[in-house]
There are 2 protein chains.
Amino acid sequence: MTLSEEDYIKIIYHLGKGDQGTVSTNAIAEKMETKPSSVSDMIKKLSEKGLVNYKKYQGVTLSEYGLKVALSIVRKHRLWEVFLVEKLEFSWDEVHEVAEQLEHIKSEKLIDMLDKHLGFPQIDPHGDPIPSKSGEFKKSIKRLLNEVPIGKEGICVGVKDSSPPFLKFLDKNKIALGDSIFVVDKEEFDGSLHIKIRDVDIRISDQIASNLYLRIIE
Amino acid sequence: MTLSEEDYIKIIYHLGKGDQGTVSTNAIAEKMETKPSSVSDMIKKLSEKGLVNYKKYQGVTLSEYGLKVALSIVRKHRLWEVFLVEKLEFSWDEVHEVAEQLEHIKSEKLIDMLDKHLGFPQIDPHGDPIPSKSGEFKKSIKRLLNEVPIGKEGICVGVKDSSPPFLKFLDKNKIALGDSIFVVDKEEFDGSLHIKIRDVDIRISDQIASNLYLRIIE
DNA sequence: ACAAATTTTTAGATTTGCCTAAATTTTATT
DNA sequence: AATAAAATTTAGGCAAATCTAAAAATTTGT
């Protein structure tokens, strides 16, 4: 597969996501920052290679094979994002561009070992799930931290209350977007939480927890 | 710079190495696994871009700018090799092909942070020196371990005595090609060495040390 | 030194991925 | 339902990097 082919497959995957419905030529052209006529050319090629199902003027869907390819690219992209954040101190909003390049590196062993090196992460720094080697992956959902079950881990993806005092609190406690938070325990009495963040255990009140969005798996 | 241009620059660098003399079209063609006519085309392009000095039928040399580009590619290649061996458990003879791909990733921050993550290594798993960010680098030389000065580190690149008992000894002590060895101290009395390998301190006799080749810096 | 052998370059095609412009099909509007 | 608008495809070309075949320059051998 060429670099360009991989980019098309990935974009078709993302556009067709959810209902995995058909994707229009124009939509692909916009994402690829190219012209619809170029997309037509490429779709024909991908169709001949069995990566997409295609009928003229009717849009495309990924074939079973195409989906497998797409998931493998997504897996690589997200594993590299974890690497950049966890090992190279990138922030969650700097990783995309570089991961976009790294996802095209071809070596099965590289990805297997990277996965192992990172401790087989389930989610990337944006809270999106990482497909397994065989292409399965859990759906991710957004939940308020106080609604996350004990024993689950999630990525901090947003706040409900964006007032300065709350943001200051987060800053003081070194809680930032993109941080991975693990819910260790919950106090029945007052709903306060015992969480683990950056390998540090801290306690936060229910009031805080009910204003922080996490993205969790399942 | 395109991928292909980078490959040409790197190959011209390696072929012109040492005396940094002129490199022939045929030699480049062989290394690139392409035809001399294709090389002529590309050389013309590289020359127009100011990366090489070129006179028809007279071979090429890297320009000052071309050399800088070459060194930056070599730096990336070797840092990735260190990463693969040190962090992902690749063996020294598996890394080349993957590093060949990784060296083309474009992100200054990525390389800076990778360098830091790896502890600013000076040599790659084959014992070759890693150019600094600004393009300087030390020459590497091959020395018998017993001739390596105290406080220096090197990569195990070969044996003088390749008899089964010696190889068995190396195996038993987990000393393998590609391992990094740091000379902690030397016993004046019998010439025995105190070395650090894979973060473990061991002591070896002069007889052993005088049959192991290291590649060291300076 | 000069013919033969080798190396290098040029000329003309090919492939990939893209483009513009024009034609075609589908969708939306009245 | 007919036509206007939008989406999609086709046709014809371009640039990058390669190829084969042939021409030109250099090097080698005697």
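Letters A, B, ... mirror the listed sequences (proteins, then strands); counts begin at 1.
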When rounded to whole Å, the CG to C1' distance for the pair A/Leu46 and C/dC18 reads 15 Å
Rounded distance (Å) that lies between atom P of D/dT10 and atom OH of A/Tyr57: 6 Å
Is A/Asn26 close enough to D/dA6 that one of its side-chain N or O atoms is under 4.0 Å from OP1 or OP2 there? no
Contact between B/Lys49 and B/Glu5 at the side-chain level, heavy atoms closer than 4.5 Å - yes or no? yes
Distance check: side-chain N/O of A/Tyr54 vs OP1/OP2 of D/dT9, anything under 4.0 Å? yes
Can you tell me if the side-chain N/O atoms of A/Tyr8 get under 4.0 Å from OP1 or OP2 in C/dC18? yes
Once you round it to whole Å, what is the distance between P of C/dT8 and NZ of B/Lys55? 17 Å
How close or far is atom C1' of D/dA16 from atom NZ of B/Lys49, stated in whole angstroms? 10 Å
Is there a side-chain polar atom (N or O) of B/Lys56 under 4.0 Å from OP1 or OP2 of C/dT10? yes
OP1, OP2 of C/dT10 versus side-chain N and O of B/Lys44: anything below 4.0 Å? yes
Calculate the interatomic distance between A/Ile43 atom CD1 and C/dT16 atom C1'; express it in whole Å. 17 Å
Is it the case that the ring center of B/Phe83 lies less than 6.0 angstrom away from the ring center of A/Phe83? yes
Is there a side-chain polar atom (N or O) of B/Ser4 under 4.0 Å from OP1 or OP2 of D/dT18? yes
In whole angstrom, what separates A/Met1's CE from C/dT16's C1'? 14 Å
Would you kindly compare A/Met32 and A/Gln58 by the position of their nearest DNA chain C nucleotide and give the one closer to the 5′ end? A/Met32
Report yes if the side chains of A/His126 and A/Arg78 come closer than 4.5 Å at any heavy-atom pair, otherwise no. no
Between D/dA7 and A/Thr25, is there an OP1 or OP2 to side-chain N/O distance shorter than 4.0 Å? no
Does a side chain donor of either A/Ser134 or A/Ser132 reach within less than 3.5 Å of an acceptor in the other side chain? yes
Can you find a side chain N or O atom of B/Ser40 that sits less than 4.0 Å from OP1 or OP2 on C/dT9? yes
Whichever of B/Ser24 and A/Lys35 has its nearest DNA chain C nucleotide further upstream toward 5': B/Ser24
Round to the nearest Å and state the distance from A/Asp41 atom CG to D/dG13 atom C1'. 12 Å
Separation of atom CE in B/Met42 from atom P in D/dC19, rounded to whole Å: 11 Å
In terms of the angle between their ring planes, are A/His77 and A/His96 parallel, tilted or perpendicular, with boundaries placed at 30° and 60°? tilted
Compare side-chain N and O positions of B/Thr34 against OP1 and OP2 of D/dT18 and report whether any pair is under 4.0 Å apart. no
Going by modelled atom types, is there a donor-acceptor pair between the base of C/dT20 and the side chain of A/Ser37 at under 3.5 Å? yes
